[in-house]
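No hydrogens, no waters, no symmetry mates; every other heavy atom, side chains included, goes into these values. Note that this is a predicted model, so its numbers are computed, not measured.
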Amino acid sequence: MSWGFLCDLLSGVNKYSTGVGRIWITIVFMFRLLVYIAAAENIWKYEHDEFECSIKQPGCENVCFDHFFPVSHIRLWALQLIVVSTPSFLVVFHVAYRENREKHHNQKLYRNPGEIDGGLLCTYLISLILKTGFEIGFLVLFYKLYNGFKIPHLVKCDMRPCPNTVDCYISKPTEKMIFLYFLVATSCLCIVLNLSELSYLIFKYSHKCYLKRYMKKQ
């Protein structure tokens with residue numbers, strides 16, 4: 001998969017983000033996308049081939065692997081990265097709609113089409129809520145699928161067609177565990193940043209409305 005398209009789109013989003021939003025985009029680039037491409041993808045590249053069981057019964061290894069790893073970690077992380085980045089594009093589309101509307105009417109309809117206010121503010125808040133929801137949803141999904149955020153050294157499998165309970169070994173479990181914790185930590189950091197930005201924008205908008213009402217009373 002080529003990640004260049006996603007990088008270009010996120011770079012475009014950066015123009016319309018707040019300071020906290022730019023930090024979020026930097027973390028997605030530096031600590032998630034680059035780590036995924038440079039290291040994590042290679043670590044899980046041959047996870048099925050390197051999964052070994054103590055018995056060579058035909059089909060046993062495949063069934064046990066599918067039971068303990070119903071979805072590949074690396075593919076789920078790729079899906080998570082794409083899904084949590086997608087809501088940011090709502091802001092770009094909204095700005096493009098404003099610019100196209102100005103061009104269609106051939107007059108200035110907005111002080112600045114990229115300024116976060118009015119309808120664009122609502123779109124931005126919705127994108128933050130969606131990003132936070134997707135991040136939390138994927139963390140819960142990871143936890144449910146793999147019974148926690150851990151990579152065991154040894155798993156015991158008694159699924160058919162295995163003749164009895166067999167020991168199965170996962171390759172490089174410690175290395176995989178380190179990257180698992182790192183990616184979970186960066187996901188949690190992104191959730192904190194999204195909630196911080198959401199709170200900041202709501203507070204800023206509320207303060208602005210309060211000042212307007214106060215000035216009218218005066």
query: To the nearest 0.5 Å, how far apart are OG1 in Thr26 and CZ in Arg22?
result: 9.5 Å

task: Verify, without hydrogens or angle tests, whether Thr132 (side chain) and Ile191 (backbone) share a donor-acceptor contact under 3.5 angstrom.
output: no

- prompt: Got a second to check how far Leu130's CG is from Asn194's CG, nearest 0.5 Å?
  reply: 10.5 Å

- request: Decide yes or no for Asn164 and Asp158: does some side-chain heavy atom of the first lie under 4.5 Å from some side-chain heavy atom of the second?
  value: no

message: Once rounded to the nearest 0.5 Å, what's the spacing between atom CG of Asn62 and atom CZ of Phe65?
response: 9.0 Å

message: Can you confirm whether Val63 sits close enough to Pro161 that some side-chain heavy atom of one is under 4.5 Å from a side-chain heavy atom of the other?
response: yes

Sequence neighbours excluded - disulfide (SG to SG under 2.5 Å) pairs with any residue from residues 19-86: Cys53-Cys168, Cys60-Cys162, Cys64-Cys157

statement: Distance col, row Ser72:OG vs Trp77:CH2, nearest 0.5 angstrom, shows 8.5 Å

query: Got a second to check how far Glu197's CD is from Trp24's CH2, nearest 0.5 Å?
result: 9.5 Å

message: If you count every heavy atom of other residues, nucleotides or ligands that lies below 6.0 Å from Lys204 atom NZ, does the total exceed 12?
response: no

Working for side chain to side chain contact (heavy atoms under 4.5 Å, CB included), residues Tyr200 and Val20: CA-CA 9 Å; Tyr200 166 74; Val20 180; 5.6 Å; no

message: Hydrophobic clusters here meaning ILVMFWY residues chained together by side-chain heavy-atom distances under 4.5 Å, can you tell me if Leu198 and Val192 are in one?
response: no

- prompt: Between Ile202 and Tyr124, is there a shared hydrophobic cluster once you connect ILVMFWY residues whose side-chain heavy atoms come closer than 4.5 Å?
  reply: yes

message: Just verifying a value: how many Å separate Leu125 CG and Leu90 CG, rounded to the nearest 0.5 Å?
response: 12.0 Å

message: Can you confirm whether Leu201 sits close enough to Leu128 that some side-chain heavy atom of one is under 4.5 Å from a side-chain heavy atom of the other?
response: yes

message: Apply side chain to side chain contact (heavy atoms under 4.5 Å, CB included) to residues Lys156 and Asp167 and explain how you reach the verdict.
response: CA-CA 5 Å; Lys156 293 186 178 294; Asp167 295 334; 2.7 Å; yes

- request: Kindly determine whether Cys190 and Ile27 satisfy side chain to side chain contact (heavy atoms under 4.5 Å, CB included), including the steps that lead there.
  value: CA-CA 8 Å; Cys190 286; Ile27 289 174; 3.9 Å; yes

Show me the side-chain donor-acceptor pairs of residues 134-152 shorter than 3.5 Å, one per line, residues at least two apart or across chains.
residue: Glu135; atom: OE1; partner: Arg32; partner atom: NH2; Å: 3.4
residue: Glu135; atom: OE1; partner: Gln80; partner atom: NE2; Å: 3.2
residue: Glu135; atom: OE1; partner: Ser187; partner atom: OG; Å: 2.7
residue: Glu135; atom: OE2; partner: Arg32; partner atom: NH1; Å: 2.6
residue: Tyr146; atom: OH; partner: Val71; partner atom: O; Å: 2.1
residue: Lys150; atom: NZ; partner: Asn147; partner atom: O; Å: 2.3

task: Group every Ile, Leu, Val, Met, Phe, Trp and Tyr by side-chain heavy-atom contacts under 4.5 Å, then state whether Ile178 and Phe69 land in the same group.
output: no

